[in-house]
Amino acid sequence: MKYLVLLLAPFLLAACATLSEDECRAGNWYDIGREDGADGRRSDFIIQHAKACNKIGIAPVRAEWEQGRQEGLLIYCRPRRAYEEGTRGRRLSPVCPVEDLAELERANKRGLIWYRIGQDISQAKSDIRQINAQLASLAADDPSRASLIGERASLRLEIITLRAERNLYRY
């Protein structure tokens with residue numbers, strides 16, 4: 001096992017790198033920064049790129065990267081994007097201008113609620129699957145079937161209610 005870990009270590013470390021060797025060599029720092037900005041990366045994220053590229057002796061061009069990142073932030077710091085981040089269960093990164101923050105946080109919160117309700121729906125569906133499995137294993141005349149069937153009906157009603165509530169949080 002110890003040897004397996006030693007053999008896999010270089011691959012695991014490479015998987016953690018933010019950029020490939022080819023990306024480091026290409027050095028398109030403006031585009032890399034633009035992508036990072038559109039993903040809501042903070043200004044200190046360039047340190048991760050520096051670590052990835054330092055292995056092959058290349059240093060990021062911070063000014064180009066930051067210029068691209070600022071361009072990307074124009075994409076990230078929009079209400080629609082803040083909402084989409086929320087629908088993925090992610091809070092808004094603290095990179096947007098203060099003057100836009102209240103609107104962005106409202107949109108992100110709306111998306112987070114939409115996401116949470118989706119999680120609740122998934123859990124209810126999972127519970128129904130478990131109940132169905134239990135029912136399949138019980139004899140047709142088992143008295144515990146009635147309570148399981150009632151619980152399943154309640155969960156189905158909960159799903160309908162949650163879906164209706166979730167529709168209120170669509171963008």
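The analysis underlying the following values was restricted to heavy atoms, covering all of them including side chains, and did not include hydrogens, waters or symmetry mates.
Here CG of L135 is found 5.0 Å from CZ of R145. Values are rounded to the nearest 0.5 Å. Atom CZ of R41 is separated from atom CG of L73 by 12.0 Å, given to the nearest 0.5 angstrom. In this structure, the separation between CG on L168 and CD1 on I113 is 10.5 Å, given to the nearest 0.5 Å. Atom-to-atom distance recorded for L19:CG and R25:CZ is 13.0 Å, nearest 0.5 angstrom. We find the CG-CD1 distance between N54 and I58 to be 10.0 Å, quoted to the nearest 0.5 Å. Considering CG of D127 and CD of E158, their distance stands at 8.0 Å, rounded to 0.5 Å.
By the criterion of side-chain heavy atoms lying less than 4.5 angstrom apart, applied directly or through intervening Ile, Leu, Val, Met, Phe, Trp or Tyr residues, L157 is not grouped with I159; the two fall into different hydrophobic clusters. Tracing side-chain contacts under 4.5 Å through hydrophobic residues (I, L, V, M, F, W, Y), one never reaches L112 starting from Y169; they form parts of separate clusters. Under a hydrophobic clustering in which Ile, Leu, Val, Met, Phe, Trp and Tyr are joined whenever their side-chain heavy atoms come within less than 4.5 Å, directly or via other members, I121 and Y115 fall into different clusters. Under a hydrophobic clustering in which Ile, Leu, Val, Met, Phe, Trp and Tyr are joined whenever their side-chain heavy atoms come within less than 4.5 Å, directly or via other members, L155 and I149 fall into the same cluster. Cluster membership for Y30 and I32, using ILVMFWY side-chain heavy atoms within less than 4.5 angstrom, is not shared.
Not one N or O on the side chain of R42 forms a donor-acceptor pair closer than 3.5 Å with the backbone of V95. Between the side chain of R110 and the backbone N or O of Y83, no donor-acceptor pair lies under 3.5 Å. R81 contributes no side-chain N or O that, together with a main-chain N or O of L74, makes up a donor-acceptor pair within less than 3.5 Å. In terms of modelled atom types and a separation under 3.5 Å, the side chain of R152 and the main chain of I128 share no donor-acceptor contact. Panel note: side chain S154, backbone G150; no donor-acceptor pair is recorded below 3.5 Å. S122 contributes a side-chain N or O that, together with a main-chain N or O of G118, makes up a donor-acceptor pair within less than 3.5 Å. A donor-acceptor distance shorter than 3.5 angstrom exists from the side chain of E23 to the backbone of S20, with no hydrogens or angles considered. Here the side chain of D142 pairs a donor or acceptor atom with the backbone of S144 at under 3.5 angstrom.
Two residues are said to be in side-chain contact when any heavy atoms from C-beta on lie closer than 4.5 Å; Y76 and L92 meet this criterion.
Here the shortest heavy-atom pairing between G27 and E64 reads O-OE1, 4.4 Å. C53 and W29 make their closest contact through SG-CH2, 3.7 Å (heavy atoms, listed as atom of the first residue, atom of the second, distance). The nearest pair of heavy atoms linking L162 to I117 is O-CG2, 3.4 Å. Between C24 and I56 the shortest heavy-atom distance is CB-CD1, 3.7 Å. Nearest heavy-atom pair across L104 and P79 is CD2-N, 3.3 Å.
Judged purely by distance below 3.5 Å, without hydrogens or angles, the side chains of N108 and R91 never pair a donor atom with an acceptor atom. Using a 3.5 Å distance cut-off with no hydrogens or angles, the side chains of Q70 and E66 do pair a donor with an acceptor. Between the side chains of N132 and R129, not a single donor N or O lies within less than 3.5 Å of an accepting N or O.
Applying the disulfide (SG to SG under 2.5 Å) test to every pair with at least one member in residues 89-171, sequence neighbours left out, gives these pairs: C77-C96.
Under the salt bridge (charged side-chain N to carboxylate O under 4.0 Å, His left out) test applied with E85, the options R90, R78, R80 reduce to a single match, R90.
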Inset, instruction - Let me see the working for D36 and T18 under side-chain contact (heavy atoms from CB on, under 4.5 Å), right down to the final yes or no. - result: CA-CA 10 Å; D36 289 342; T18 58; over 6 Å; no
Inset, instruction - Decide yes or no on side-chain contact (heavy atoms from CB on, under 4.5 Å) for L148 and E151, but give the supporting numbers first. - result: CA-CA 5 Å; L148 288 171; E151 187 178 343; 4.3 Å; yes
Inset, instruction - Test K109 against E105 for salt bridge (charged side-chain N to carboxylate O under 4.0 Å, His left out), laying out the working first. - result: CA-CA 6 Å; K109 183 178 180 182; E105 285 178 343; over 6 Å; no
Inset, instruction - Report the C-alpha separation of R34 and I75 in whole Å, then their side-chain angles, then the decisive distance to 0.1 Å, and conclude whether the side-chain contact (heavy atoms from CB on, under 4.5 Å) test is met. - result: CA-CA 9 Å; R34 190 172 190 281; I75 296 166; 3.5 Å; yes
